[in-house]
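Have a look at the structure below, then the notes.
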Amino acid sequence: EDQTYDTHLSVFGSAYRTGILEAMGSTGIIRPEFRAPLDDLRGRLGVSEEAGKGLFLEAAQERMVPMVEWIVLELERTMLTAEQLARKRQKDFGEDYFKSGKGASGTLGLGSDANIMSDCMNLIDFYNENDIAEQRENGTKTTYKKVQEGGEEKTVEEEVPNFETIYPITGLESKAIQPEISELLYRQFVVGGFTTQGPQATRYEEARAAFGGIIGLEKAKMEEITDSIGSQVYENFIGNAMRTKGSLDQQDMMFLANIQSKLNLAEDASEKMLLQTQKKILSEEANALLDNEDPPPEAVKAFREKCNSMAMDLEQDIGISKPRLSRMFEAEVSPGLGNGAITIESAAILSEIQESLGLTPEEAEKMFESILDKRAKAAMARIKAELLRGREENCVDIVERIVRYSQFVNGELELDVDEATAWQTFNLYDAMAFDGVESQTVEENKSLLKTALGL
């Protein structure tokens, strides 16, 4: 009998294939009551089971190709510009179909214009109802189960066969769809499922892997596309939340957990997306803040405290360079030195800012000395200008400022001032009233000012 199979296949194969197509009818699905008669027909025609399977897949592919091509046409019609569509109709694929010129829109910035979900589900139903997919054993996997042992419940490991789903006919293999379009189509299917609500959304989510397999995508490519969608959703949602509220609250985290579940993202991938998105948003905020010539000290403080609350290192995580960290340090410290908010008694503020910015004590000390030197020289230049104009009364606050600066460095400010101006400045301070200040403190300050003025 085996020797006649090839002869029977060449003679009666087409008849059996025609029988399969007729059994599929208008829906493309072979109803259960037709399967036994089809198998009986195969036997009577002398076609082997293996050859019959091949003929069935040929017939199924013949019915499937127009379905895939229709979905592609609908996708192109809704996703491509008129110009791209005209070019597509005249020549083979080759355009960059991911650049349609349309901005992302819809839920969380995801474009979801293509209304192809029902056609995609019809394709999946065709595949599933005809039992085209195959389950093949692929090694083993470890499972865990609970058993009763000695009156106690224990968890034990068990090695069981691992099965994978094989798709013997696919859109890519049959040339019904090209690789770049297949990725765009799968992306649109995932987005469509994500943006749908209710029971239908669950149906789409459960069919996602099957749809990717039917059009011919590898599992790694499907995960890559899903991760890219998740990354975009995370970025849009987290960006909106952080811009409006400054940080993510518990409700936001629950929403992100729901996104993770809907897109079937791995836990580590979800955490990585969250971290990367937060870093990106904070980096953009840092650029916007520090692109100003004089960033407001309140804004700088609020930004670094936000980063600290999120356990973000400003240099390592957000990518703020040392020169920019120095600017942030100066933006907060310099006004405090000028208005007296930062003095030798309140120097702990400097340590708090240093640690918050992720600077070493040595780096912060060097930055502080540079700020101090710059402010002291500016103050001295102002005093000289006021004295030249005979406006000694305008120098009082500025001289007190130089005294505060001197306290940080034991008077070693290295001011460039002639002796006459130095004595004039000192005499102004010496003539001030120091009500409520201990005499010892006054004398110490006078000594520091003399040192600063080189007297």
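The basis for the numbers below is simple: all heavy atoms, side chains too, and nothing from hydrogens, waters or symmetry mates. What you see is a predicted model, and the numbers here were worked out from it, not measured in a lab.
Side-chain N or O atoms of D119 include none that pairs as donor or acceptor with a backbone N or O of I71 at under 3.5 Å. Remark: the backbone N or O of I318 is not paired with any side-chain donor or acceptor of D313 at under 3.5 angstrom. No donor-acceptor pair under 3.5 Å is formed between the side chain of S270 and the backbone N or O of A266. Remark: the backbone N or O of E223 is not paired with any side-chain donor or acceptor of T226 at under 3.5 angstrom. In this structure a side-chain-to-backbone donor-acceptor pair under 3.5 Å is present from Y127 to I169. Although no hydrogens or angles enter the test, the distance criterion places a donor-acceptor pair under 3.5 Å between the side chain of N339 and the main chain of P335. N130 places a side-chain N or O within donor-acceptor distance of the main-chain N or O of G28, the cut-off being under 3.5 Å. Under a 3.5 Å cut-off, the side chain of S406 and the backbone N or O of I402 do form a donor-acceptor pair. Under a 3.5 Å cut-off, the side chain of S228 and the backbone N or O of I225 do form a donor-acceptor pair. The closest donor-acceptor contact from the side chain of R42 to the backbone of V47 lies under 3.5 Å.
In this structure the side chain of E158 never reaches within 4.5 angstrom of the side chain of Y144, judged on heavy atoms. A 4.5 Å side-chain heavy-atom check between L282 and C307 finds at least one atom pair inside the cut-off. Side-chain atoms of K306 and E285, non-hydrogen and from C-beta on, do get closer than 4.5 Å to each other. Between R203 and T196, the closest side-chain pair of non-hydrogen atoms is not below 4.5 Å. Looking at heavy atoms from C-beta onward, L217 lies in side-chain contact with I215 at the 4.5 angstrom threshold. The shortest side-chain heavy-atom distance between I30 and R35 falls under the 4.5 Å cut-off. Put simply, the side chain of R404 does not reach to within 4.5 Å of the side chain of L337, judged on heavy atoms. Taking the side chain as every heavy atom from C-beta outward, M380 and D416 never approach each other to under 4.5 Å.
Within a 6.0 Å radius of CD in E33, other residues, nucleotides and ligands contribute more than 12 heavy atoms. Shown here is E153, whose CD atom has more than 12 heavy atoms of other residues, nucleotides or ligands within 6.0 Å. Within a 6.0 Å radius of CD in Q200, more than 12 heavy atoms belonging to other residues, nucleotides or ligands are found. Enclosure of atom CD in E50 is not indicated, since only 12 or fewer non-hydrogen atoms of other residues, nucleotides or ligands lie within 6.0 angstrom.
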Evaluate the salt bridge (charged side-chain N to carboxylate O under 4.0 Å, His left out) criterion for residues E224 and K221: first the C-alpha distance (whole Å), next the side-chain angles of each, then the deciding distance (0.1 Å), finally the verdict. CA-CA 5 Å; E224 179 187 323; K221 177 58 69 174; 3.5 Å; yes

Working for side chain to side chain donor-acceptor pair (under 3.5 Å), residues Q260 and E267: CA-CA 8 Å; Q260 178 189 343; E267 186 72 30; 3.1 Å; yes

Run E315 and I320 through side-chain contact (heavy atoms from CB on, under 4.5 Å) and show every step you take. CA-CA 5 Å; E315 183 178 15; I320 301 177; 5.6 Å; no

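Y204 has its ring centre no less than 6.0 Å from the ring centre of F194. Checked against the 6.0 Å centroid criterion, the rings of F408 and F368 qualify as a close aromatic pair.
Side-chain polar atoms of T142 and E159 form a donor-acceptor pair below 3.5 angstrom. Checking T165 against Q135 by side-chain atom types alone, a donor-acceptor pair falls below 3.5 Å. Side-chain contact, T140 with N162: no donor N or O sits under 3.5 Å from an acceptor N or O.
One finds no salt bridge joining E363 and K366 here, because no Lys/Arg side-chain nitrogen approaches an Asp/Glu carboxylate oxygen to under 4.0 Å. Ion pairing between a basic and an acidic side chain is recognised when a charged N comes within 4.0 Å of a carboxylate O; E298 and K301 show no such pairing. Contact check on E157 versus K145 returns no salt bridge, with no Lys/Arg side-chain nitrogen under 4.0 Å from an Asp/Glu carboxylate oxygen. R304 has a carboxylate O that lies under 4.0 Å from a charged side-chain N of E352, or vice versa, which qualifies the two as a salt bridge. A salt bridge is absent between K272 and D227; no separation between the charged side-chain nitrogens and carboxylate oxygens falls under 4.0 Å. Between D291 and R324 a salt bridge is recorded (basic side-chain N to carboxylate O distance below 4.0 Å). A salt bridge links E62 to R17: one of the charged nitrogens lies within less than 4.0 Å of a carboxylate oxygen. The pair D40-R44 meets the salt-bridge criterion, since a charged nitrogen lies less than 4.0 angstrom from a carboxylate oxygen. Salt bridge status for D317 with K280: absent, with no side-chain N to carboxylate O gap under 4.0 Å. Classification of K377 and D373 as a salt-bridged pair holds, one side-chain N sitting under 4.0 Å from a carboxylate O.
I20 and A59 make their closest contact through CG2-CB, 3.7 Å (heavy atoms, listed as atom of the first residue, atom of the second, distance). Heavy atoms only, all atoms of each residue included: A341 and I349 are closest at O-CD1, 3.9 Å. Shown here for R375 and S334, the closest heavy-atom pair between the two residues is NH1-OG, 2.7 Å. Between A176 and V72, the closest heavy-atom pair is O-CG2, 4.2 Å.
Test R136, K141, E137 against F163 for side-chain contact (heavy atoms from CB on, under 4.5 Å) and you get one pass: E137.
A cation-pi arrangement, defined by a distance under 6.0 Å to the six-membered ring centre and an angle within 45 degrees of its axis, is absent between R208 and F211.
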